[in-house]
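Everything below concerns the one structure shown next.
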Amino acid sequence: MHQLTLAEIARGLADKKFSSEELTRALLARIHQLDPQINSFISVTDELAISQARAADARRAAGESGALLGAPIGHKDLFCTQGIRTSCASKMLDNFKAPYDATVVSKLAEAGTVTLGKTNMDEFAMGSANESSYYGPVKNPWNFEHVPGGSSGGSAAAVAARLLPAATATDTGGSIRQPAALTSLTGLKPTYGRVSRWGMIAYASSLDQAGPLARTAEDCALLLQGMAGFDAKDSTSIDEPVPDYSASLNASLEGLRIGLPKEYFGAGLDPRIADLVQASVKELEKLGAVVKEISLPNMQHAIPAYYVIAPAEASSNLSRFDGVRFGYRCENPVDLTDLYKRSRGEGFGAEVQRRIMVGAYALSAGYYDAYYLQAQKIRRLIKNDFMAAFNDVDVILGPTTPNLAWKIGAKNNDPVAEYLEDVYTITANLAGLPGLSMPAGFVDGLPVGVQLLAPYFHEGRLLNVAHRYQQVTDWHTRAPNGF
Ligand code: GLN
């Protein structure tokens, strides 16, 4: 049963081939058996899962239907889940049980999903390797010595290992698309404002966006359908109707204009990845797409701009963790200053502390204009580049990552080397655009992803292109050895 996709599960449940409770029990057993090797879960919620599965079975017996009714999923451990530990993979929140559900969690629960657990991640979603978790690194099911990508590495590894058909994730600079690429999954970062951020513990509020991680574009469409929509509780949520994402999956690609940014194929890209990206372009051409070279001239400034803006917002967002209101508090503080200092010093890991310091520095009176304001100007230029490009093309295609999944520990002494891995993904966050990564082959047994970007609110187009591609390729059907 663990090989079933969300779409197959929906059909199996509708045809009464199995119940949600049977499926849920089978997957929970698999998680308990196999996850110790991968470490993709922070919490496994057996009791909640069984009760949600029974409720979903009862709703079906009463005549209800729905693609997600009874579907088992996992939530990245930064979505608040009422009464359940919501840790953000930090010692700071190790003891934090959220008093309410995030909108994403409650919407999916209403649609009938079954929560099997909370997935591991980089601490406070800062990272590209899932090595900074307080609960230990996540291993890539394709090769245990390698990282699964981050920060949604737990969600990705769990789905890749067939412990779950799909999971929620978040993407601030690539954290859905990059782990999707490194574990051979399909992952979608929606347009900023498409999915509510309410109850999602904030990293960088102007960049954070939740989306689905699954094996196929078809499944991403199903999960996104359950997540997307206006939410009055999130002031940046956009009141736009949500289209039927499954309905447009099969649309023809005849005449689709694909832009290949020349900056995406320059120095720094592993040539073996470049070859696989070109092979995916050939497949799409066979389906009727036409290809054109484009330019995104300000791309080179994206990483420095992002690594000012994201830490600046993080330093502000994370100030709420003060040892008083939430989470960890140091032992025997001598006074209030000592309480703040030691609670934060002991509760946050090294990378989180580094970003808070960088962010606070960039926002400080003397440096605000030199760093933060400059970064915001670059952000506008990057957005303008995309707007110009989308006058000529319908989607932009390139590699998701410049390199293959690296060995655990390989970049631990060089944070900037890890930051550079985000080179192709962060521009979409800076501009607020939707992006998708889909499996496009393997090099040395490690997965490679291709990224597609589209204009605002064209998630349906991304899913359509990926789905058509998945009809003529089988990369997305391959499972890691032993899973
Ligand atoms: N790797 C990027 C960072 O560390 C992106 C993380 C994310 O998207 N959450 O900030």
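Just follow the structure's listing: the first ligand is 1, and inside any ligand the first atom is 1. By convention here, the first residue in the shown sequence is residue 1.
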Inset, instruction - Look at ligand 1 and say whether Arg355 reaches it with a heavy atom at a distance under 4.0 Å. - result: yes
Output field: ring centroids Tyr469/Trp475 closer than 6.0 Å
no
Among the heavy atoms of Tyr419, does any lie under 4.0 Å from an atom of ligand 1?
no
Numbered in order shown, the ligand 1 atoms found under 4.0 Å of a heavy atom of Met126 are 4 (O)
So the atoms of ligand 1 within less than 4.0 Å of a heavy atom of Gly173 turn out to be 5 (C), 7 (C), 8 (O)
**Message:** Could you check whether Glu418 pairs with Lys411 (Lys NZ or Arg NE/NH1/NH2 to Asp/Glu carboxylate O, under 4.0 Å)?
**Reply:** no
Numbered in order shown, the ligand 1 atoms found under 4.0 Å of a heavy atom of Asp171 are 8 (O)
Check your understanding: Hey, is the main chain of Gly154 close enough, under 3.5 Å, to the side chain of Asn120 for a donor-acceptor pair?
Key -> no
So the atoms of ligand 1 within less than 4.0 Å of a heavy atom of Ala125 turn out to be 6 (C), 7 (C), 9 (N)
*Do NZ/NE/NH1/NH2 and the carboxylate oxygens of Lys107 and Asp231 come within less than 4.0 Å?*
no
Please determine if Ser151 has a nitrogen or oxygen closer than 3.5 Å to a nitrogen or oxygen of ligand 1.
yes
With a 4.0 Å cut-off on heavy atoms, is Ala310 in contact with ligand 1? no
Does Leu6 offer a backbone N or O that forms a donor-acceptor pair with the side chain of Asp219 under 3.5 Å? yes
With sequence neighbours left out, the residues meeting ring pair (Phe, Tyr, Trp, His ring centres under 6.0 Å) with Phe348 are Phe124
message: Between Lys189 and Asp171, does any side-chain N to carboxylate O distance fall below 4.0 Å?
response: no
re atom 7 (C) of ligand 1, the protein heavy-atom contact at minimum distance is Ser175 OG, 2.4 Å
Ranked by distance from atom 2 (C) of ligand 1, the top protein heavy atom is Asp422 OD2, 3.1 Å
If you scan protein heavy atoms around atom 5 (C) of ligand 1, the nearest is Tyr306 OH, 3.3 Å
Practice item. Tell me, with the steps shown, if Arg344 and Asp322 meet salt bridge (Lys or Arg N to Asp or Glu O under 4.0 Å). Key: CA-CA 6 Å; Arg344 288 168 66 82; Asp322 55 5; over 6 Å; no
Going by the 4.0 angstrom heavy-atom rule, the piece of Tyr307 near ligand 1 is side chain
